[in-house]
There are 2 protein chains.
Amino acid sequence: MASMVNVQAGAPGSVSELLDRLDGLGGSLPKRLGQCAEFLRHNIHLVAVSTVADLAAGAGVQPSAFMRFCQALGFSGFSEMQALFRAEYTQFRPDYEERLSQLRERGSQGPEWLAASFAEAGHKSLVSLMNSLDGERLRRAAAVLTEAGTIHLVGLRRAFAIVSYMGYLLDKMRVPTVIHRTAGQIESDHAMRPGDALFAVSFAPFSQETLELAARAGARGIPVVALSDTADCPMRDCARELLVAREVDVGAFRVPTAALTLATALAVAIGGSRENSD
Amino acid sequence: MASMVNVQAGAPGSVSELLDRLDGLGGSLPKRLGQCAEFLRHNIHLVAVSTVADLAAGAGVQPSAFMRFCQALGFSGFSEMQALFRAEYTQFRPDYEERLSQLRERGSQGPEWLAASFAEAGHKSLVSLMNSLDGERLRRAAAVLTEAGTIHLVGLRRAFAIVSYMGYLLDKMRVPTVIHRTAGQIESDHAMRPGDALFAVSFAPFSQETLELAARAGARGIPVVALSDTADCPMRDCARELLVAREVDVGAFRVPTAALTLATALAVAIGGSRENSD
DNA sequence: CCAAATTTGGAATATCTATTCCATCCCTGG
DNA sequence: CCAGGGATGGAATAGATATTCCAAATTTGG
């Protein structure tokens, strides 16, 4: 009984713990169980709502093999493993459909309805962000800004919130940063010196000031990383890298959830790399 | 066979269609089936991962009653109804866990990994926001700010992004708004006149300046609406309403997704109400 | 290349879940 | 107040689904 594939401790207590254990097992699993592991990694979301037979078929193995796989992970069987996924699912799943329909009934368009709508839009924006994100481009953008002497940030109107949060994070991580407010400040350009870099944020319809500042920086050989809500952004010409974060609107309004998320990830990545190279 | 409670067309083809039909049935259902309907409306997310017995128990009825309820909705039985929910679930669900574990494998902690982590945290923050949101309190907060002559906004450090976006939205909707930057500006207080209101944002650890400004405003009888990430916020004493938006962290960092979403909903609600009363 | 140990497939079984059925109860209309 | 029709609870049944078992196949170590 002690010579089984892998009988550690008890069963995992959460999905991420389970994934860790899966990584730990590495390639040490026999062929069929390996198939199960591979399939599970790519289809985590199916576990809560499928039968062993379905999952086994998906992984291309017999149900009994999948059972053995569950046991190798430390569970008593499939049911115990599924219970874990179901618990996690019921904990985190938003019931927007329900909530919105409820709110729609009694006097629509109140603040609560708006909050639910914006929250739902936020979910969609984040999903779309991760689906469309180009990891390689993001890495290059982070590299450009990591190597800069001082990072200059610019973004007006709705983009200013993004820039100000990024400025806060970078400053907290002791990365030399300047936030540009172009209004009536002609000296902006001269603050950018060779070796610096510019991070420019602008959403359609674009602020002329931001576009021009980015263009002048690009012309002077200062690398520009741009963030916009469309690939058609005019900055695509002057920018070394253009990142795109689309947002889902609620009527005429939106929350820049995806952009803020992407900008934060970028800032933290920059802060992390700088720290390492100090 | 034709005299059953309600046998229309076929089974609903989607969850929202089902909700519509539920609304259509209105109060015409007998007591026990009504309990099922009520429970379903509030626990849509449970259907995909529960048994009839569980749901029936939750609704306080016998399994057989729940079966009749499913049939009244046009399904052949519970299984058919559950299949609908399971299908929608597998469609919508993003596989962050999977994505993260994939990214973890090859060179962890890159910008892409960070983006995925922050996106996942954003999802969780939004779910928790909507689970904990008190509609009544939000409505009162919106009312306080709607009735104000000028809305004063204050928030420093990480809270400034929230305030600046809210300021942008309110300004766009032609609501008189002032953003206070307390640094070295002593006249802040006098800008707030009777009839105005203050919206103060501060997250732990709180900025002393924000707390003091809010306290002085409260003492002068100017209504204060506060937004924080904890109910333990010191402003709870001076504020007319305290809104709470908790965020899920990634390591030492976070994206203020929930707070920004809530603040946006609030701003749009205010803008909408003002428009109506003009 | 052989023997031992491990893994595998598939069928048999145990368990759990959905579904039906019917005696009883409760309303409703006369 | 008394039928009569629908609604209800609970048990009985049919159907899935998980789980185990073991003979056959495969791999591993010497």
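Chain letters run A, B, ... following the sequence lines, proteins first, then strands; residues in each count from 1. Atoms considered below: every heavy atom in the structure, side chains included; atoms not considered: hydrogens, waters and symmetry mates.
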Taking [atom1] from [X] and [atom2] from [N], how many angstroms apart are they, rounded to a whole number?
X     : N      : atom1 : atom2 : value
A:L55 : D:dA16 : CG    : P     : 19 Å
B:Q82 : D:dG15 : CD    : P     : 19 Å
A:L33 : C:dT6  : CG    : C1'   : 11 Å
B:F75 : C:dT19 : CZ    : C1'   : 16 Å
A:F69 : C:dT6  : CZ    : C1'   : 18 Å
A:F78 : D:dA18 : CZ    : P     : 6 Å
B:E80 : D:dA16 : CD    : P     : 14 Å
B:M67 : D:dG10 : CE    : P     : 18 Å

Ignoring hydrogens and geometry beyond distance, is a side-chain donor-acceptor pair present between A:Q35 and A:R32 at under 3.5 Å?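 The criterion, which ignores hydrogens and geometry beyond distance, is satisfied for A:R32 and A:Q35.
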
Of the candidate nucleotides [options], which contains the atom at the shortest distance from the side chain of [X]?
X     : options               : result
A:T51 : D:dG9, D:dT17, D:dT19 : D:dT17
B:R68 : D:dT8, C:dG9, D:dT20  : D:dT8
B:K31 : D:dG10, D:dA18, D:dT8 : D:dT8
A:V52 : D:dT19, C:dA18, D:dG9 : D:dT19
B:P30 : D:dG9, D:dT8, C:dT19  : D:dT8

Residue whose nearest DNA chain C nucleotide is more 5′ - A:R32 or B:S64: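 Mapping each residue to its closest nucleotide by heavy atoms, the 5'-most match is A:R32.
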
Main-chain N/O of B:G77 paired to B:Q82 side chain as donor or acceptor, under 3.5 Å: no

Side chain of B:E112, backbone of A:R139: donor and acceptor closer than 3.5 Å?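 It does not hold such a pair.
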
Determine: side-chain N/O of [X] to OP1/OP2 of [N], distance under 4.0 Å, yes or no.
X     : N      : value
B:S79 : C:dT19 : yes
B:Q62 : D:dG10 : yes
A:Q71 : D:dT20 : yes

Side-chain heavy atoms of B:L138 within contact of B:L262, under 4.5 Å: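 Yes, at least one pair of side-chain atoms sits under 4.5 Å.
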
Taking any heavy-atom pair under 4.0 Å as a contact, classify B:A53: base, sugar-phosphate, or nothing. sugar-phosphate

Between B:E247 and B:R254, does the salt bridge (charged side-chain N to carboxylate O under 4.0 Å, His left out) criterion hold? Intermediate values first, please. CA-CA 7 Å; B:E247 309 287 351; B:R254 64 167 62 167; over 6 Å; no

